[in-house]
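Shown next, in structure tokens, is the structure this report addresses.
Below, read A as the first sequence line, B as the second, and so on, with proteins coming before strands; counting in each chain starts at 1. Only a predicted model underlies this, so the values are computations on that prediction, with no experimental measurement involved.
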2 protein chains.
Amino acid sequence: MKVTDAFWRKYQELVRKVIVPYQWEVMNDRVPGVAKSHAIANLRIAAGLEEGEFYGYRFQDSDVAKWLEAVAWCLATERDPELERLADGVIEILGKAQQPDGYLNSHFTVKFPELKWKNERESHELYVAGHFMEAAVAYYRATGKRAFLDIMRRNADHIDSVFGPEEGKKHGYPGHQVTEMALAKLYEATGEERYLRLAKYFLDQRGAKPHYFELEAAERGEPGDLGPFKERMYKYNLSHAPVREQKVATGHAVRAVYMYAGMADVAALAGDPSLAEACRVLWEDVTRRQMFVTAGLGQQESWEGFSYDYDLPNAQTYNETCASIGLVFWAQRMSRLEMKGDYYDVIERALYNGILSGLSLDGTRYFYVNLLESVPRAIRERHDADYAAATRQGWFPCACCPPNIARLVASLGGYVYSADESGAAVHLYVGSETELVLGGAATRLRVEAGFPWKEEARVSVDPERPARFALSLRVPDWCRGFQAAIGGKPAEGALADGYLKIEREWRPGDVLELRLPMPVRRVRANPLVRDDAGKVALMRGPVVYCLEEADNGGLLSDIRLPRGAKLEASLEPGLLGGVVTLAGEALRSSGDWGGDLYRDEDEARPEPARKVRIKAVPYYAWDNRGENEMRVWINEE
Amino acid sequence: MKVTDAFWRKYQELVRKVIVPYQWEVMNDRVPGVAKSHAIANLRIAAGLEEGEFYGYRFQDSDVAKWLEAVAWCLATERDPELERLADGVIEILGKAQQPDGYLNSHFTVKFPELKWKNERESHELYVAGHFMEAAVAYYRATGKRAFLDIMRRNADHIDSVFGPEEGKKHGYPGHQVTEMALAKLYEATGEERYLRLAKYFLDQRGAKPHYFELEAAERGEPGDLGPFKERMYKYNLSHAPVREQKVATGHAVRAVYMYAGMADVAALAGDPSLAEACRVLWEDVTRRQMFVTAGLGQQESWEGFSYDYDLPNAQTYNETCASIGLVFWAQRMSRLEMKGDYYDVIERALYNGILSGLSLDGTRYFYVNLLESVPRAIRERHDADYAAATRQGWFPCACCPPNIARLVASLGGYVYSADESGAAVHLYVGSETELVLGGAATRLRVEAGFPWKEEARVSVDPERPARFALSLRVPDWCRGFQAAIGGKPAEGALADGYLKIEREWRPGDVLELRLPMPVRRVRANPLVRDDAGKVALMRGPVVYCLEEADNGGLLSDIRLPRGAKLEASLEPGLLGGVVTLAGEALRSSGDWGGDLYRDEDEARPEPARKVRIKAVPYYAWDNRGENEMRVWINEE
């Protein structure tokens, strides 16, 4: 699988040439002016290679894990001996940091060895292990080298010896989810059923009574009952109810979507219909009632998570980059459970909006929080906006997002195609090529597209010899008038669940010519969304647009877009790395109110509103021309 | 001075018959289910009348002080031996709690005697003293009894021996302002110039370098430099700059307006034009750029105070009842400096909106925070709204607001009239009567009005014999077509600075017939106010209206008021104690979006919007029919 796409190839090159090396320097504390990491040093200390003290969060190791996974995905596309040498060096450290029993975690090994497996509610031990497992599987698949995979198998075996239903084992589960997904991957890579069973156990056990986090607290001699905070704490980490009884997304958004992804994995791999159904219920809640138009998730800073259905405030939200990334993991697994266009519609929405917004065009600055309305002065001076940043930052004390976005972008090729016995599907129109065996014939599939700007795409289907199989093409939810032609004639196929399924005998050199019309769309939110009343968002294809001060001056609240105002799309190759912008006429207040703060109606409109030209740019590309005001939802006139 | 007004008399009776007795019970911890007070017990313990430990905030005494002041104002209108006996009893305790040197503060006397005057930044010692001084002056004026006044003179003399410019004294000032205003009152009541000099010293010294709060911290052996928090801390308590250099309101809103009131006092009493000018600059900033339409102040919860000009978010604000009360104190003093209608326009706005909203119609429940948009579910479930309450509360751990509103309402008569050598002024159309010597003649002034509902008022001017003097009638800012007639003929007068000044020979039995037209007004905010773009507030006379769920159903964000829609005012005697409501036709979304969260424009309007009747009620009277949704600023169509 190779990504050849103009848009994404650039980002993948950024990951390889800028982000991965930059993050390596950061993790080695060689970048001045950014938050201290110490992540590599922590592991070297745990490995006995260096003297010193652990520094950072309990989950500091996970930055290294995600970095290793990003490296693995880079190597999967293109081998790079230098990068591989760097990764192998880290893996060697991991091997030495691993304890004889398989335990691997620098925080507890160096700082609190006596607290090992004593406080999963807070410790992130299973979380860190999960990220290392994911990296190990990716590295094994990319390089064929087994060292890392073996380390993590030993680690998983150790965990399996500590947790489980058997007497004498801990009947617990992760305080921060990801381990479920990771064990599923490890099972797929190794065929070892115990890993899948453990993943399922973690999910089945979650929320069981007596509550594990109270049991382990009692063992530590602490009060297990957290009093009035208990309910909030359990919702925060999603242990408030058995997973199959959780009908509404709550708590920490990243924990939540990682858990849902793990549920979808186990539902598919263990064939568990009740888990699949639980996933569907939560999917509806998240994507139909708690998701921003950018696919941002987590509407409040406190607990970094969900609030409640239809509560989607644009300026006071969290929308952690990692949450949208987790949403992509989950959606991909849902698509594996049942191929419906909805899942990839959400993936596409997340990729081109709420995830890429976390990354600057030059790859060195990141948003942790992705607001849909940003007023720099409010962020600097209103204390209730302290948690957000008015501009992307070089690093974070809690640096989960930067390596997460790196590993996702590097792994993008894995999202374009899927195949099963009946045929193949093209989920994303990302320029790329792959080789699959379809209808018994080795077949090269290639997508050529100018996404997300151009309305045309070509899908080449090139079997070594004529072969009969189905090719399903995703018809995006935003697309009206999707056309697919072969040799100038409309392709015959059946449209169902968001895919056009073309079943035929494919011949060497077959090419599907696609048209995906991308008119400018004015999007409204359900009236139950209080904060979007009287506002529209602009979209074209999967791309959400925003107004930036750089193009429109400040006080964007004062811009009113008349109903039915024409908006023209035009490609600006020199702007923001080359984007399609939208432009049109809107209204702004005219006149200066002088000293008045409030006026009666007749006075307030002494002259007609001014007509102004406005320009909207893709949301993901904002904040690349200096700190400035931005808003997605535009007031309507 | 006697208030006879139908509207306010009811509230004054509430204060006398419900609020004062209720708060007495609360301060004696005899009301079940409300926050513990212990305020009387604290003082009894300090007085040696009871064993026990201090409980509560460092400023717990100030609740008793404000309660005593409320009692004093009640007695000023109507003697009440039972109430007076209660107050005398408390004053006796205060006398016994006072230390031989004049010090009076139960928190430090009982709990931390060694920390007396060691940490004014945090201690609230001067604040508590100030509230007791204000109460003592009010009690002396109401009853003629000197005991309390003498206690507080001894206390002020003690403070004067501790603070001041002389060597050996502390060159400090209050961490929480009110003392400046209180000392000015004490000076006026006693004629003792030292008290005015001390008030001026506190203001002159504020913000001087080296910073007093650093000096006292160093004396305590603590780091004086608070590092990155220093700037915020100093702005919070308004010691970041000399008061004459403070051009923009910042920090804790109550501290700020209490300080500005003290500045206006000293400007007037000490004849300090630079202080007066500083007050004017701050007045412009507060009332023209940082004041809600309800006269609410303090746009953020963190630091309970101001944010920045034109930042006026309706759902995420603080608007402490005490801040609007302090605004009234300040405005009255500004009016004394220079009689401009603006000051009483703001007083009226605060009284009928942002202050009364703090009090339930039955007098037993209070808002500390006064939102202009309240969604109960957001307050309960969004953690960033934890600080607000979805409905009024019976008491608060920090209970500054309930006794503050009691003392203000009880003292309302003091705001209606003023007089100087040239004549008298009527500032508020509050039914009341007073006797003044005007033009050498004992003159009875009487206002009869049905404010804020009725458009007519009568002002009787009844000198014992014909006398020449000026009577100035305030022409409210909201009033178009103000008319004043004597004997059926337009009164001749000069309109300047918001007052109609009628200078003539007044005869016994003269009556001015006034018309103050009160059309329904649609008010807009300056376009620089981001959160009010595309919205209108409804007002009639000085009263701000709101939509409540009780009348309009939930999801008030979905109600859109078409431009130019007619709104009718009608008196509903049976509703909310008798109010004028506004009603008219508006639009609501029609149709059910089913599972859709976002829709393209064409789909979003499958049918025309529904026409609905809406009803608006006075903002101050909201939340008297059970917890429900409310909003002041209504979306426009």
Side-chain angles (χ1 to χ4, degrees), chain A residues 232 284 287-291 293 299-303 307-308 310-313 315-316 375 377-378 381-384 386 478 480 521-531 533-537 539 555-558 560 563 588-589 593 595-601 603-605 635-637, chain B residues 232 284 287-291 293 299-303 307-308 310-313 315-316 375 377-378 381-384 386 478 480 521-531 533-537 539 555-558 560 563 588-589 593 595-601 603-605 635-637:
Chain A
R232 191 179 275 196
E284 286 291 310
T287 65
R288 300 282 180 265
R289 294 185 287 277
Q290 298 205 65
M291 184 181 76
V293 70
Q299 307 101 307
Q300 59 181 341
E301 181 250 347
S302 168
W303 88 2
S307 56
Y308 55 90
Y310 300 108
D311 179 50
L312 295 161
Q316 278 289 344
V375 177
R377 187 167 186 186
E381 298 191 33
R382 281 194 66 89
H383 310 154
D384 52 11
D386 274 353
W478 47 261
R480 312 267 172 277
R521 290 178 297 131
R522 297 170 69 125
V523 175
R524 290 219 175 74
N526 190 310
L528 296 171
V529 180
R530 294 166 191 280
D531 294 85
K535 297 175 186 167
V536 282
M539 291 187 72
L555 197 67
L556 300 172
S557 56
D558 185 45
R560 306 189 297 275
R563 292 246 168 96
R588 258 190 184 275
S589 302
W593 280 40
D596 288 353
L597 184 51
Y598 302 107
R599 280 185 184 172
D600 290 353
E601 183 159 44
E603 294 174 292
R605 303 200 161 262
N635 289 328
E636 263 195 333
E637 176 77 13
Chain B
R232 190 179 275 196
E284 287 291 309
T287 64
R288 301 281 178 267
R289 295 186 285 277
Q290 299 205 66
M291 184 180 77
V293 71
Q299 307 100 307
Q300 57 182 342
E301 180 251 347
S302 167
W303 89 5
S307 56
Y308 55 88
Y310 300 108
D311 179 50
L312 294 160
Q316 277 291 342
V375 177
R377 186 168 187 186
E381 297 192 35
R382 281 194 67 88
H383 310 156
D384 53 11
D386 274 353
W478 47 262
R480 311 268 172 277
R521 290 176 299 128
R522 297 170 69 123
V523 175
R524 291 219 174 74
N526 189 311
L528 295 171
V529 180
R530 295 168 190 279
D531 295 85
K535 297 176 185 165
V536 283
M539 291 187 74
L555 198 67
L556 299 172
S557 57
D558 185 45
R560 304 188 297 276
R563 291 246 168 96
R588 261 190 182 277
S589 303
W593 280 42
D596 286 354
L597 183 51
Y598 302 106
R599 281 186 183 170
D600 290 354
E601 181 159 44
E603 291 174 294
R605 305 202 158 262
N635 289 329
E636 264 195 333
E637 176 76 14

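- Only the side chain of A:Arg232 comes within contact range of chain B, with at least one heavy atom under 4.5 Å from a heavy atom of that chain.
- The choice from A:Thr287, A:Val293, A:Val529, A:Asp384 that makes the most heavy-atom pairs within less than 4.5 Å of chain B is A:Val293.
- Counting heavy atoms from C-beta outward, B:Arg524 and A:Trp593 have side chains that approach closer than 4.5 Å.
- Side-chain contact check for A:Glu301 versus B:His383: every heavy-atom pair is 4.5 Å or farther apart.
- In this structure, CG in B:Leu528 is found 9.5 Å from CG in A:Leu597, a value given to the nearest 0.5 Å.
- Residue A:Leu556 touches chain B through its backbone alone, counting heavy-atom pairs closer than 4.5 Å.
- We find the CD-CD distance between A:Glu636 and B:Glu636 to be 14.0 Å, quoted to the nearest 0.5 Å.
- In terms of non-hydrogen atom pairs under 4.5 Å with chain A, the most contact-rich of B:Glu381, B:Glu284, B:Arg382 is B:Arg382.
- Neither the backbone nor the side chain of A:Val536 comes within contact range of chain B, judged by heavy atoms closer than 4.5 Å.
- In this structure, A:Met291 CE and B:Tyr598 OH are separated by 6.5 Å, a value rounded to the nearest 0.5 Å.
- Per-residue heavy-atom pair counts under 4.5 Å with chain B were compared for A:Ala537, A:Ala525, A:Ser307, and the maximum is reached by A:Ala525.
- For the set B:Arg530, B:Arg289, B:Gln290, B:Arg288, the entry with the most heavy-atom pairs within less than 4.5 Å of chain A is B:Arg530.
- Closest approach of A:Ser557 to B:Pro527, counting heavy atoms only: OG-O, 4.4 Å.
- Contacts between A:Asp531 and chain B at a heavy-atom distance below 4.5 Å are absent for every atom of the residue.
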I would like to know whether A:Arg377 and B:Asp311 meet side chain to side chain contact (heavy atoms under 4.5 Å, CB included); could you show each step before the answer? CA-CA 10 Å; A:Arg377 187 167 186 186; B:Asp311 179 50; over 6 Å; no
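- Atom CG in B:Asn526 sits 7.5 Å away from atom CZ in A:Arg599 (nearest 0.5 Å).
- No part of A:Ala315 comes within reach of chain B, as not one of its non-hydrogen atoms sits under 4.5 angstrom from that chain.
- Two residues are said to be in side-chain contact when any heavy atoms from C-beta on lie closer than 4.5 Å; B:Asp600 and A:Arg480 meet this criterion.
- Heavy-atom pairs under 4.5 Å with chain A were tallied for B:Leu555, B:Leu312, B:Asp558, B:Asn635; the largest tally goes to B:Leu555.
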